[in-house]
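Just below is one structure, and these are the notes that go with it.
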Amino acid sequence: MKRRQVPAQKPDSRVSLGRIGAPHGIRGWVKLHSFTEPLMNIADFRVFHCAGRRDAPDRMKTLELDEIRAHGKTLIAHVKGYDTPEQARELTGLELEVEAGVLPALEEGEYYWADLQGLRVINRQGERLGRVSHLLETGANDVLVVAADEESIDDQERLIPWLPGQSIDRVRLDERCLDVDWESDW
């Protein structure tokens, strides 16, 4: 499974590949929180559509990252036209999005995280456990966070390990459904 680089169901929709953090240094660089795996895969893309921050959600920008570097275990980047810490501060919190159609094609049986988000989760007994809310990355394997919804058998949140052939039986993207080997009382 590919982390966070997920094409949504519509090829013209956008996918968030990262977020701009606080300014870094005096030349307008910013900390870059990459949602890709490995982190540096975000450098395969240079032009991003940016969703507005919470304080201005309706503002959209197009930004070009002209440099991206590894900095310890994180990344830093320079955004074209933002050359001072004051200018860079305006970008803090912006989500970096690309059109879903530009993401690389996956092999059979591989999924982007966003493909799985929102899927109905049904166990072998035919019980509706909820919908995939989001995924967690752990050291051993990824984990589906299944949140209860209006059609769930109860109001429990469940954590189901992403283990195809064990806890994961089948992904039916066309039906927006995920079949699992997971008891309702686990």
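Side chains are part of it too, since the values below use all heavy atoms of this structure and drop only hydrogens, waters and symmetry mates.
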Closest non-hydrogen atom pair between [X] and [Y], with its separation:
X	Y	result
Ala148	Asp154	CB-O, 3.4 Å
Asn141	Pro161	ND2-CB, 3.4 Å
Leu75	Ser34	CD1-CB, 3.9 Å
Leu63	Cys50	CD1-SG, 3.4 Å
Pro85	Ile26	CD-O, 3.5 Å
Asp115	Arg176	O-NH1, 3.4 Å

Nearest 0.5 Å, please: how far is [atom2] in [Y] from [atom1] in [X]?
X	Y	atom1	atom2	value
His78	Ile68	NE2	CD1	12.0 Å
Tyr82	Glu90	OH	CD	6.0 Å
Leu135	Leu159	CG	CG	10.5 Å
Ile76	Leu65	CD1	CG	12.0 Å
Glu37	Glu137	CD	CD	5.0 Å
Asp181	Gln125	CG	CD	7.5 Å

Would a 4.5 Å heavy-atom cut-off, applied to side chains only, mark [X] and [Y] as touching?
X	Y	result
Ile42	Phe48	yes
Leu39	Thr74	no
Leu32	Leu96	yes
Val121	Leu144	no
Val30	Thr92	no
Leu17	Leu103	yes

| request: Using atom types as modelled and distance alone, determine if a side-chain donor or acceptor of Arg46 lies under 3.5 Å from a backbone N or O of Glu64. | output: no

| request: Using atom types as modelled and distance alone, determine if a side-chain donor or acceptor of Glu127 lies under 3.5 Å from a backbone N or O of Asn123. | output: no

| said: Just to verify, what does Ser152 make a side-chain hydrogen bond (donor to acceptor under 3.5 Å, both in side chains) with, not counting sequence neighbours? | reply: Asp149

| Who are the side-chain hydrogen bond (donor to acceptor under 3.5 Å, both in side chains) partners of Glu175, not counting sequence neighbours? | Arg172

| query | Residues in ring-ring contact (aromatic ring centres under 6.0 Å, His included) with His24, at least two apart? | reply | His71

| task | Enumerate the residue pairs fulfilling ring pair (Phe, Tyr, Trp, His ring centres under 6.0 Å) with a member in residues 121-161, sequence neighbours excluded, ordered by first and then second residue. | result | none

| field | Qualifying ring pair (Phe, Tyr, Trp, His ring centres under 6.0 Å) pairs with a residue from residues 165-186, counting only residues at least two apart or across chains | value | Trp182-Trp186

| field | Step-by-step side-chain contact (heavy atoms from CB on, under 4.5 Å) determination, Cys177 to Arg170 | value | CA-CA 8 Å; Cys177 190; Arg170 184 171 53 155; over 6 Å; no

| request: Among Val171, Ile122, Leu129, Leu163, find the residue that satisfies the side chain to side chain contact (heavy atoms under 4.5 Å, CB included) test when tested with Val180. | output: Leu129

| message | Run the side-chain contact (heavy atoms from CB on, under 4.5 Å) test on Thr36 and Phe45 for me, step by step, so that the C-alpha distance in whole Å, both residues' side-chain angles and the decisive distance to 0.1 Å come before the verdict. | response | CA-CA 11 Å; Thr36 66; Phe45 306 88; 5.7 Å; no

| task | Report the residues that fulfil salt bridge (charged side-chain N to carboxylate O under 4.0 Å, His left out) with Glu151, sequence neighbours left out, ordered by chain and then residue number. | result | Arg128

